[in-house]
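Encoded as structure tokens, the structure appears first; notes follow it.
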Amino acid sequence: MSQFNDYYGNSGAGGGGGGGGFMTGGSPYGSASGSPGGASRRTEIAHSLRPLTVLQLLNATQAHSDAEWMLDDTELGQVTVVGHVVSIQSQATNNLYWLDDGTGRIEARHWIDSSIEESGTGSSAITEGSYVRVSGTLKMFGSKRYVNATHIRPVKSPHEIYFHLLEAMTVTLIWAKGAPPRAGQNPKTIPQAQAAGPPAAGGSAYAVQSHSPATNNNQYSHLPKLEYTIITFMLNQPSNEEGVHVGSIARAVGGNAVTISNALDKLMDDGLVFTTIDDSHFKVAD
């Protein structure tokens, strides 16, 4: 979604590229380039850019001070937020901005790089009462949560404010429900995978709705519970060349992104699943 817009571009205040964005082709794991291994995918998450509201930033959790930030069992990498500048506190080495986007308030700290000559579109052009886009990482100092801003600039138009809110909602829904059907695809009801282990004798541990194709999962009965549940869920999805999006898998089987990533990596190592159009779409090997 963010691929068509130029709202992520930064001229001044530390530079930055256009297009940016959290996903490539709707992938919550970032770029489709590189190895499909778990380490690569976690690196992509760390360097991806996710649009969020201030309330989502305030609701993010951290298991301990060195742990990754999580939101709804999803790891956060780089984040971007659009907000109204309530106040500015200028210091010798950094500027502090209090931001309010209507869902909450959070502090953004932008460190000054004296080697970069800022233009009129950089942080020097930001005033109290204006709207800005901030990109960076979520940090905690003591009990205070803030955004460590790598890029900050004034918004380009009022439409950017509304666009950001819509994009934040879209990305959140993709994480919750999976990617929407592509052009030409017929949306179909997808059953939720049940937290089940290998089937007991004489029965199936994975109940599917009547419209789903029947599958024989006995060949996967040796798999660990999570891997078996993933395979069973994928087998009961409508057949297509793109396979199943990792967001749909995560929503169906539950668990955090790292756990599901590791399970998919193991299934790929065993030759049971493979990636299709990108590193976030998987299909069961025939």
Side-chain angles (χ1 to χ4, degrees), residues 2 5-18 20-22 46-62 65-72 76-172:
S2 59
N5 80 93
D6 62 351
Y7 288 150
Y8 293 100
N10 292 272
S11 53
F22 170 61
H47 292 285
S48 64
L49 181 65
R50 178 170 174 177
L52 295 171
T53 65
V54 171
L55 181 60
Q56 288 178 301
L57 292 174
L58 297 177
N59 286 338
T61 58
Q62 194 179 32
S65 59
D66 295 326
E68 301 298 334
W69 286 97
M70 305 291 293
L71 179 66
D72 299 328
L76 296 179
Q78 301 286 318
V79 300
T80 181
V81 63
V82 172
H84 174 260
V85 180
V86 178
S87 65
I88 302 175
Q89 182 180 350
S90 298
Q91 301 178 2
T93 57
N94 61 80
N95 293 325
L96 301 179
Y97 303 89
W98 265 106
L99 304 179
D100 189 329
D101 71 346
T103 68
R105 290 188 177 189
I106 195 168
E107 181 182 278
R109 182 186 299 267
H110 181 242
W111 296 91
I112 299 172
D113 188 346
S114 58
S115 65
I116 298 177
E117 182 179 354
E118 295 183 352
S119 66
T121 58
S123 60
S124 60
I126 297 172
T127 59
E128 293 183 0
S130 63
Y131 278 84
V132 295
R133 176 178 289 278
V134 173
S135 301
T137 53
L138 187 60
K139 298 289 185 179
M140 178 80 80
F141 181 74
S143 60
K144 192 172 187 179
R145 183 177 311 210
Y146 68 97
V147 176
N148 186 31
T150 53
H151 307 296
I152 183 168
R153 60 161 177 78
V155 299
K156 296 183 176 181
S157 76
H159 301 291
E160 182 174 358
I161 302 170
Y162 307 122
F163 172 84
H164 176 80
L165 291 174
L166 291 171
E167 188 178 36
M169 288 188 285
T170 299
V171 172
T172 300

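FYI, side chains are in, hydrogens and waters are out, and symmetry mates aren't considered; it's all heavy atoms of this structure.
Within the 4.5 Å cutoff, no side-chain heavy atoms of Val79 are placed close to those of Gln56. Contact check for Asn148 versus Trp111: side-chain heavy atoms found under the 4.5 Å cut-off. Contact annotation: the side chain of Ile112 approaches that of Asn95 to within less than 4.5 Å [non-hydrogen atoms, C-beta and beyond].
Residue Tyr131 holds its OH atom at 8.0 Å from CG of Asp100, rounded to the nearest 0.5 Å. Note that CD of Gln62 is 6.5 Å distant from CE of Met140, once rounded to the nearest 0.5 Å. For the atom pair CD1 of Ile152 and CG of Leu99, the computed distance is 6.5 Å after rounding to the nearest 0.5 Å. In this structure, Asp101 CG and Leu55 CG are separated by 8.0 Å, a value rounded to the nearest 0.5 Å.
Looking at every heavy atom in both residues, Val81 comes nearest to Thr53 through CG2-C, 4.3 Å. Across His164 and Pro51, no two heavy atoms sit closer than the pair CE1-CB, 3.7 Å. Considering every non-hydrogen atom in both Val134 and Ala149, the closest pair reads CG1-CB, 3.6 Å. In terms of heavy-atom proximity, Trp69 sits nearest to Leu138 at NE1-O, 3.0 Å. Residues Gly77 and Thr137 approach most closely at O-CG2, 4.2 Å, considering heavy atoms. Heavy-atom minimum distance, Gly104 versus Val54: C-CG1, 3.3 Å.
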Derivation and outcome, side chain to side chain contact (heavy atoms under 4.5 Å, CB included), residues Leu76 and Leu52:
CA-CA 10 Å; Leu76 296 179; Leu52 295 171; 4.1 Å; yes
Given side chain to side chain contact (heavy atoms under 4.5 Å, CB included), test Tyr97 with Val132 step by step and report yes or no.
CA-CA 10 Å; Tyr97 303 89; Val132 295; 6.0 Å; no
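A side chain to side chain contact (heavy atoms under 4.5 Å, CB included) with Trp98 is found for exactly one of Gln89, Arg105, His84, Glu128, namely Arg105.
A donor-acceptor pair is defined here as one N or O able to donate and one able to accept, closer than 3.5 Å; such a pair exists between the side chain of Thr150 and the backbone of Ser135.
Summarising the local packing, CG of Asp72 is surrounded by 12 or fewer heavy atoms from other residues, nucleotides or ligands at distances under 6.0 Å.
Listed by first and then second residue, the salt bridge (charged side-chain N to carboxylate O under 4.0 Å, His left out) pairs involving residues 84-97 amount to none (not counting sequence neighbours). For residues 136-151, the set of pairs meeting the salt bridge (charged side-chain N to carboxylate O under 4.0 Å, His left out) definition, not counting sequence neighbours, comprises Glu107-Lys144.
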